[in-house]
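Here the structure is a predicted model, which is why all the values come from computation and not from measurement. Residue numbering restarts at 1 for every chain, and letters A, B, ... go by the order of the sequence lines.
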Number of protein chains: 2
Amino acid sequence: MKLLNRAGELLSNEGPSALSLRRLAADVNTSTTAVYSLFGGKPALLDALYDEGFRRFGERLAMVPETDDPVEDLIQIALTYRDSALQDRQFYVVMFSKVVPDFMPTTETYIAASGTFVPVVKTVQRAIDNGSFLPNEAPEVIGLALWSICHGLVSLEIYGILPPGLEIAPVFERAVRASADGWRTH
Amino acid sequence: MKLLNRAGELLSNEGPSALSLRRLAADVNTSTTAVYSLFGGKPALLDALYDEGFRRFGERLAMVPETDDPVEDLIQIALTYRDSALQDRQFYVVMFSKVVPDFMPTTETYIAASGTFVPVVKTVQRAIDNGSFLPNEAPEVIGLALWSICHGLVSLEIYGILPPGLEIAPVFERAVRASADGWRTH
DNA sequence: ATCGTATCGTAACAGTGTTATAAAACGAAA
DNA sequence: TTTCGTTTTATAACACTGTTACGATACGAT
């Protein structure tokens, strides 16, 4: 599907505002109607990109190796989260920000995207079983907290609203480690 | 300025996509040109709303009383952060999300907005001086970490991409407390 | 009262997503 | 191979967006 590839390129190279149907159609030598017969419109095209973004994202997160230190595994997942987001930052804003007015993913696509979160919860569960993390805390809650600090820091970074003159990478790691420590058994 | 008031209403009630210049001008019985002579265009109008959003936001955060337990103060600031964001959620997405393509606040407006962050850092400093938080950690970093988990959770909540069937308020508080605990001296 | 600036209305321009209509391409059945 | 039916495509128009040139109006200070 040349259209989808080119849409991904346009999104990555020039951002969401360059992703107009006329521009896209002209780039692959067709007309805008193609988008409607093949996808169903611009929202559906965004849905496909949303899906693609989460596919890449989940692929990379799942690639983090599993060691016998689950808390350290979580840190590595977090670092991978940031790397992946920065690598596909234009996809990231489609996935996690309202970059296109009134765009919402299909519930089907949304459910598929939710799978990205599963390895995090599993690793948290291992940390609980391990005795590293507090028992009697729902692993989804801990996972969500760690996921959120990643999302919060990364989106602030991508939107350029972080204090300037800040070496972000070490700050990110430090923040994630502290956040994980908050769930540790003492 | 009736235009700005109506723009805020439109933004709050119907979201950013309802904020078109023609709609806005018609609602206050004028024409779109008024926006250009009074503000300078739609980006400048958004800039004014961005400013207004941060003004309200900062006002509420600064209203959190200062006790002799700075860590607890930080928790209260965090809870206020969420309350304020949910109260003005359409403003929040203008402030922290790319809801209008290629919109960026003026550096002047951005600097004013940055002031919102100051009370957080000050409270963190008090927690360090207090002996509650680890010394030799930059208060900006700790403040940023706490700010980020608030931002991460709240934006996930506002965008509706949180696991369904979740009582968010207690999860939010639990996550913030754990995140703060991560910076505590043991 | 007059001048100069600021504001406003009308209308047009370029761009967007979307859709009706008709032509073309393709695949399967006769 | 030929025919039929579905899918895909191209053209053009529609309604909408932000923006701007132009002219008229209103307002405030000299």
Side-chain angles (χ1 to χ4, degrees), chain A residues 1-53 90-91 93-95 97-106 109, chain B residues 1-53 90-91 93-95 97-106 108-109 159:
Chain A
M1 189 74 42
K2 264 194 301 183
L3 270 175
L4 192 56
N5 288 340
R6 184 59 186 151
E9 286 178 17
L10 279 175
L11 180 63
S12 293
N13 299 336
E14 307 183 39
S17 63
L19 194 58
S20 86
L21 294 192
R22 285 176 174 80
R23 168 81 186 280
L24 172 61
D27 282 7
V28 298
N29 286 316
T30 182
S31 67
T32 63
T33 324
V35 179
Y36 287 85
S37 50
L38 299 182
F39 292 92
K42 182 151 188 184
L45 178 67
L46 263 294
D47 202 71
L49 291 172
Y50 180 95
D51 200 50
E52 167 71 7
Q90 302 290 12
F91 276 87
V93 307
V94 169
M95 292 153 61
S97 168
K98 291 273 189 298
V99 67
V100 171
D102 301 331
F103 162 67
M104 282 226 55
T106 306
T109 311
Chain B
M1 192 68 47
K2 264 193 303 180
L3 269 175
L4 191 56
N5 288 339
R6 184 59 187 151
E9 286 178 16
L10 278 174
L11 180 63
S12 292
N13 299 338
E14 307 184 36
S17 64
L19 194 57
S20 86
L21 295 193
R22 284 176 174 80
R23 167 80 185 280
L24 172 63
D27 281 9
V28 296
N29 287 315
T30 181
S31 67
T32 63
T33 323
V35 179
Y36 286 86
S37 49
L38 299 182
F39 292 92
K42 181 149 187 184
L45 178 68
L46 264 293
D47 204 71
L49 291 172
Y50 179 95
D51 200 50
E52 166 71 7
Q90 303 291 10
F91 277 87
V93 307
V94 168
M95 292 153 63
S97 169
K98 291 272 189 300
V99 69
V100 171
D102 301 330
F103 162 67
M104 282 225 54
T106 306
E108 186 188 2
T109 310
Y159 296 158

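Straight-line distance from the CG atom of Leu38(B) to the C1' atom of dT7(C): 7 Å, rounded to whole Å. Rounded to an integer number of Å, the gap from NZ of Lys2(A) to C1' of dT8(D) is 14 Å. Summarising the geometry, the separation between CG on Asn29(A) and P on dT11(D) is reported as 12 Å, rounded to the nearest angstrom. If you measure from atom CG of Leu24(A) to atom C1' of dT18(C), you get 15 Å, rounded to the nearest angstrom. The CG-P distance, from Leu3(B) to dG18(D), rounds to 13 Å in whole Å. One can place CG of Leu21(B) at 12 Å from C1' of dC16(D), the figure rounded to the nearest angstrom. Rounding to whole angstrom units, CZ of residue Phe39(A) and C1' of dT8(D) are separated by 14 Å.
Between Pro105(A) and Phe103(A) there is a side-chain heavy-atom pair separated by less than 4.5 Å. Here the side chains of Leu38(B) and Met1(B) are in contact, with some heavy-atom distance below 4.5 Å. The closest side-chain heavy-atom distance from Leu24(A) to Arg6(A) is below 4.5 Å.
Among the protein residues, Leu19(B) comes within range of the sugar-phosphate backbone only, with heavy atoms under 4.0 Å from sugar or phosphate atoms but none that close to a base. Nucleic acid contact class of Ser20(B) (heavy atoms, under 4.0 Å, all strands): sugar-phosphate only. Residue-level contact check: Thr30(B) touches the backbone only, with heavy atoms under 4.0 Å from sugar-phosphate atoms and none from bases.
The side chain of Thr33(A) lies closest to dT9(D) when the candidates are dA21(D), dT9(D), dG17(C). Taking every side-chain heavy atom of Ser31(A) into account, dT9(D) is the closest of dT10(C), dT9(D), dT19(C). Between dT20(D), dG17(C), dT9(D), one nucleotide has an atom nearer to the side chain of Tyr36(B) than all others, and that is dT20(D).
Results of the side chain to side chain contact (heavy atoms under 4.5 Å, CB included) test with Leu21(B) over Thr33(B), Leu45(B), Leu3(B) single out Leu45(B) as the only residue that passes. Of the listed residues (Leu11(B), Leu19(B), Asp47(B)), just one forms a side chain to side chain contact (heavy atoms under 4.5 Å, CB included) with Val94(B), and that residue is Leu11(B).
Judged by atom type and distance alone, Arg22(A) reaches the base of dG17(C) through a side-chain donor-acceptor pair under 3.5 Å.
Between Ala34(A) and Pro43(B), it is Ala34(A) whose nearest contact on DNA chain D lies nearer the 5' terminus.
Phosphate proximity of dT9(D) to Ser37(A): present, with a side-chain N or O under 4.0 Å from OP1 or OP2.
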